[in-house]
Q: 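Supplied in C-alpha cells, the structure appears directly below.
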Amino acid sequence: MQIQLLKSKIHRVTVTDACLDYIGSITIDADLMDAAGILPGERVYIVNNNNGERFDTYTIAGERGSGTICLNGAAARKVQRGDIVIILSYVLLTPDEAKTWEPKVIFPDTATNRLK
C-alpha cells in the first residue's frame, strides 16, 4: 500500500501572466522550483486564493530570478494576473516512509515571487 502525501508547496505567489495561446502548463521561476524540489514536467496542483479554483497541470521552468508564475493554455482561464496562488505537489510513500516524511515548503515574497 502507498499513501499520497504533500511533497512540495510554494505558498502564496502572485500570478504574473496568463497565456491562453499555449499548449498548457504553468511556468514557474526555476529558482522557486529548485527551492521547492519541483521538477520540470512534474504534475502540480494549483489553488487560486482569489476565486477558489483548484486544478492540476504540469510545470515548465521559467527564467531564474524572474519571479514568473504564468498559467498557460486552458489553465489561463482559471486565473487572472495578480491572483494569489498556492502550488502543491504530492508523493506516494509506504506507510513506514510516511511516518518520517517532511514536505518541502517555501514562502516566497508575494510581491516579487522571489525567495526571502
Side-chain angles (χ1 to χ4, degrees):
M1 175 175 67
Q2 291 191 315
I3 301 168
Q4 191 173 33
L5 295 175
L6 180 67
K7 174 185 164 256
S8 305
K9 179 179 183 180
I10 301 175
H11 188 74
R12 295 182 56 86
V13 285
T14 303
V15 173
T16 58
D17 205 0
C19 183
L20 185 60
D21 295 323
Y22 194 82
I23 58 172
S25 70
I26 182 171
T27 304
I28 304 171
D29 179 325
D31 286 341
L32 297 179
M33 290 178 63
D34 288 350
I38 296 173
L39 299 172
E42 186 170 344
R43 182 182 190 180
V44 292
Y45 297 86
I46 312 299
V47 179
N48 187 329
N49 282 8
N50 291 75
N51 63 19
E53 287 281 356
R54 296 177 69 92
F55 55 95
D56 65 322
T57 189
Y58 64 92
T59 60
I60 293 177
E63 181 182 343
R64 289 189 179 281
S66 65
T68 298
I69 301 292
C70 178
L71 278 299
N72 302 303
R77 296 227 183 254
K78 297 188 175 285
V79 300
Q80 292 184 39
R81 191 175 294 148
D83 283 357
I84 302 296
V85 297
I86 298 169
I87 302 166
L88 308 160
S89 69
Y90 294 89
V91 64
L92 291 172
L93 300 169
T94 66
D96 284 340
E97 291 170 323
K99 290 176 185 174
T100 59
W101 177 251
E102 294 286 334
K104 206 175 242 191
V105 179
I106 63 167
F107 300 89
D109 181 291
T110 304
T112 64
N113 293 341
R114 290 182 180 83
L115 298 170
K116 296 178 184 179

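Counting begins at 1 with the first residue of the sequence.
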Q: In plain terms, say whether Arg64 and Asp29 are close enough for a salt bridge, that is, a side-chain N and a carboxylate O under 4.0 Å apart.
A: no
Q: Would you compute the distance between atom CD of Gln2 and atom OG1 of Thr94 and round it to the nearest 0.5 angstrom?
A: 7.5 Å
Q: Enter the distance from Met1:CE to Leu92:CG here, rounded to the nearest 0.5 Å.
A: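 One gets 11.5 Å once the value is rounded to the nearest 0.5 Å.
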Q: About how many Å separate CG of Asp31 and OG1 of Thr68, when rounded to the nearest 0.5 Å?
A: 10.5 Å
Q: Using modelled atom types and a 3.5 Å cut-off, is there a donor and acceptor pairing between side-chain atoms of Arg81 and backbone atoms of Thr16?
A: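 Pair found, side chain donor or acceptor close to backbone of Thr16.
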Q: Are the side chain of Ser8 and the backbone N or O of Ser89 linked by a donor-acceptor pair below 3.5 Å?
A: no
Q: May I ask you to decide whether Asp109 forms a salt bridge with Lys116, counting only side-chain N to carboxylate O separations under 4.0 Å?
A: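 Looking at Lys116 together with Asp109, the answer is no, because their closest N to O distance does not fall below 4.0 Å.
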Q: Does any N or O in the side chain of Lys7 come within less than 3.5 Å of the main-chain N or O of Gly37, such that one atom is a donor and the other an acceptor?
A: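 Present.
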Q: Please name the residue in the list Val79, Ile87, Thr27 that meets the side-chain contact (heavy atoms from CB on, under 4.5 Å) test with Ile69.
A: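 Exactly one candidate clears the test, Ile87.
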Q: Distance check, rounded to the nearest 0.5 Å: Leu88 atom CG versus Ile46 atom CD1?
A: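 CD1 of Ile46 is found 7.5 Å from CG of Leu88.
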Q: Quick one: does Thr14's side chain have a donor or acceptor within less than 3.5 Å of a partner on Gly82's backbone?
A: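 Answer holds: no.
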Q: Between atom CD1 of Ile106 and atom CG of Leu32, what is the distance when rounded to the nearest 0.5 Å?
A: 5.0 Å
Q: Is there a donor-acceptor pair under 3.5 Å between the side chain of Asn113 and the backbone N or O of Ser66?
A: no
Q: Any donor and acceptor pair, going by atom type alone, linking the side chain of Ser25 with main-chain N or O of Thr57 inside 3.5 Å?
A: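 No, because the side chain of Ser25 does not come within donor-acceptor range (under 3.5 Å) of the backbone of Thr57.
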Q: Check whether any side-chain N or O of Arg12 sits under 3.5 Å from a backbone N or O of Ile84 as a donor-acceptor pair, and report yes or no.
A: no
Q: Which distance, rounded to the nearest 0.5 Å, do you find between the CG of Leu5 and the OH of Tyr90?
A: 10.0 Å
